[in-house]
Amino acid sequence: MQQSYAGRRARSSRHVEALASGRCAVRVTIAAIARHAGVSRATVDRVLNQRGDVSADTERVVLLSARALGFGHRLEMVPTRLLRICVLMQAPANPYYRLLADGFAAANRHFAPARVASYASHIDVDEPESIARKLDRVAAEYDALVIVAPARPEVQDRVREIADRMPVVAIATGLDRDTPHRYVGPDNYRAGRLAGELMGRMMGPRTGVLVVGGLASFMGHLQRRAGFRDVLAESYAQLRVAGVIESGDQGNAAAAAIMRALRDDPAIGGIYNITQGNLEIVNRAIEIRVGERPIIVCHDLTPVNEQLLRQGRVDVVLDQDPVLEARRAVEIVLHHYGRFEGDAPAGEIPIRPVFREGL
């Protein structure tokens, strides 16, 4: 019976642990690698000489064993099968996803010698069944999944099935803890706390703050909200969240709601935008509050947000570097398959507050 993905992974881990404890004193030959990996010599020969007919999981076990036995200095000379990474994310009409796509393109070029390629497939976050159908095809066509998607049940059910067969990396917004995956991105709760701290320090005499909530199905958006609220409650009790606007990641919808709120509540002096749509939001805010626009804290140093920052139309941008996120996701996949030396790459991406004078 064919061994499961989890079983093969556990087996390779036991081999490495045995070597570290001194139980695997072997000469570095194809036969030694075969014994260490628990495969035939013919399989090792096929992997090291790219003869084909070897699964990605078996190749992983062989490469990890070869490197653990000290064969690693020769592995750089060995061509390997192409690893295919499926990247499911929104279309690059959203500036954040455009930068993320640029990051995967750069990672494809940088890691070309490791024989890995990322292929983007665009999803509509409002159509979970469509996402689920795309996920159904991943296991048959790819070696890894990178996903930026809402944590809806129909999506997570499919991801759990895929995680039994291949590595899964979630970017920017995580999945439930019972869904096996590596997370790459900022600590969103801490990002929300940082936004609250900055808002509290910059607010003037007004006491009301609007929160633009994005999509409630994105765990990262909910975590940012929670962090923001907690800091205001703990350290800036004079401030209140005057309203949460569910924008659905649509800038025009958020801008219209903000325009009404600013007109109806003169005490509102700050806007924390968790998601996109800052150009529309800023234009409406300035239109309503001529000469006294609200303090605006937002995320992601996209070209639009950088321009708004330079013009003094937003106050601070919390940047998470999507290009680095893409590269880190590819590194994690390569490390899983034994093609990235050293420790497993860290998934957390630091949040960098950017002010106009810091550009």
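Atom CG of D124 has more than 12 neighbouring heavy atoms from other residues, nucleotides or ligands inside a 6.0 Å radius. Within 6.0 Å of atom CZ in R98, more than 12 heavy atoms from other residues, nucleotides or ligands are found, so the atom counts as buried in its surroundings. Heavy atoms from other residues, nucleotides or ligands lying under 6.0 Å from CZ of R152 number more than 12. Within 6.0 Å of the CZ atom in R352, the count of heavy atoms belonging to other residues, nucleotides or ligands does not exceed 12.
In this structure, Y142 and R165 have side chains that are not in contact, with every pair of non-hydrogen atoms separated by 4.5 Å or more. Using a 4.5 Å cut-off on side-chain heavy atoms (C-beta onward), M202 and V297 make contact. In this structure, the side chains of L83 and L334 come closer than 4.5 Å at one or more pairs of heavy atoms. The shortest distance between side-chain heavy atoms of L135 and L145 falls below 4.5 Å. Within the 4.5 Å cutoff, the side chain of P294 has heavy atoms near those of the L262 side chain. Residues L359 and L301 are in side-chain contact: their nearest non-hydrogen atoms beyond the backbone lie under 4.5 Å apart. For the pair N273 and V314, the minimum side-chain heavy-atom distance is 4.5 Å or more. The shortest side-chain heavy-atom distance between D300 and Q320 falls under the 4.5 Å cut-off.
Residues I131 and P150 share a closest heavy-atom pair of CD1-CD, 4.3 Å. Closest approach of P322 to Y96, counting heavy atoms only: CB-CE1, 3.6 Å. For V148 against A172, the heavy-atom pair with the smallest separation is CG1-CB, 4.5 Å. Of all non-hydrogen atoms in D315 and F355, the two that sit nearest each other are O-CD2, 3.5 Å. Of all heavy-atom pairs spanning Q90 and Y97, the tightest one is NE2-OH, 3.2 Å. Of all the heavy atoms in M219 and T173, the pair that sits closest is N-OG1, 3.1 Å.
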Could you check R328 against E325 for salt bridge (charged side-chain N to carboxylate O under 4.0 Å, His left out), going step by step and ending with a plain yes or no?
CA-CA 5 Å; R328 193 63 52 78; E325 289 175 325; over 6 Å; no
Determine, step by step, whether M89 and V146 satisfy the side chain to side chain contact (heavy atoms under 4.5 Å, CB included) criterion, reporting the C-alpha distance in whole Å, the side-chain angles of both residues, the deciding distance to 0.1 Å, and the verdict.
CA-CA 8 Å; M89 63 181 184; V146 175; over 6 Å; no
Pair R284-E280, salt bridge (charged side-chain N to carboxylate O under 4.0 Å, His left out): steps then yes or no
CA-CA 6 Å; R284 292 297 179 90; E280 296 89 344; over 6 Å; no
Carefully, step by step, assess F218 and V125 under the rule side chain to side chain contact (heavy atoms under 4.5 Å, CB included).
CA-CA 9 Å; F218 275 114; V125 294; 3.8 Å; yes
Passes side chain to side chain contact (heavy atoms under 4.5 Å, CB included), R229 versus V244? Steps please.
CA-CA 11 Å; R229 283 181 178 274; V244 177; 3.2 Å; yes
Does the pair H299 and R224 meet the rule for a side chain to side chain contact (heavy atoms under 4.5 Å, CB included), with working shown?
CA-CA 11 Å; H299 285 265; R224 289 177 183 178; 3.4 Å; yes
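Using a 4.0 Å cut-off between a side-chain N of Lys or Arg and a carboxylate O of Asp or Glu, R133 and E129 do not qualify as a salt bridge. Between E154 and R158 no salt bridge is recorded (no basic side-chain N to carboxylate O distance below 4.0 Å). Salt bridge annotation for E197-R201: present, with a cationic side-chain nitrogen under 4.0 angstrom from a carboxylate oxygen. A salt bridge does not link E348 to R190: none of the charged nitrogens lies less than 4.0 Å from a carboxylate oxygen. Contact check on R193 versus E234 returns a salt bridge, with a Lys/Arg side-chain nitrogen under 4.0 Å from an Asp/Glu carboxylate oxygen.
Under the rule for a ring-ring contact (aromatic ring centres under 6.0 Å, His included), the partners of F228 that lie at least two apart in sequence or sit in another chain are Y272.
A donor-acceptor distance shorter than 3.5 angstrom exists from the side chain of R206 to the backbone of P266, with no hydrogens or angles considered.
In this structure, CZ in R313 is found 4.5 Å from CD1 in I286, a value given to the nearest 0.5 Å. Going from atom CG of N108 over to atom CD1 of I85 covers 7.5 Å, rounded to the nearest 0.5 Å. For the atom pair CE of M199 and CD1 of I271, the computed distance is 8.0 Å after rounding to the nearest 0.5 Å. T302 contributes atom OG1, which lies 8.5 Å from atom CG of N94 (distance to the nearest 0.5 angstrom). To the nearest 0.5 Å, atom CD1 of residue I295 and atom CG of residue L198 are 10.5 Å apart. For the atom pair L194 CG and N188 CG, the distance stands at 12.0 Å (nearest 0.5 Å).
Clustering ILVMFWY residues whenever any of their side-chain heavy atoms sit less than 4.5 angstrom apart, transitively, puts L318 in the very cluster that holds L232. In terms of hydrophobic clustering, with Ile, Leu, Val, Met, Phe, Trp and Tyr side chains grouped at heavy-atom distances under 4.5 Å, I268 and I274 are assigned to different clusters. V212 and V241 fall into different hydrophobic clusters, defined by Ile, Leu, Val, Met, Phe, Trp and Tyr side-chain heavy atoms under 4.5 Å apart, directly or through other members. Both M166 and V169 sit in one connected hydrophobic cluster of ILVMFWY residues. Membership requires side-chain heavy atoms under 4.5 Å apart, directly or through other members. Criterion: ILVMFWY side-chain heavy atoms under 4.5 Å apart, direct or through other members. Under it, I351 and L100 are not part of a common hydrophobic cluster.
Considering N305, V304, I296 in turn, I296 is the only one that fulfils the side chain to side chain contact (heavy atoms under 4.5 Å, CB included) rule with V282.
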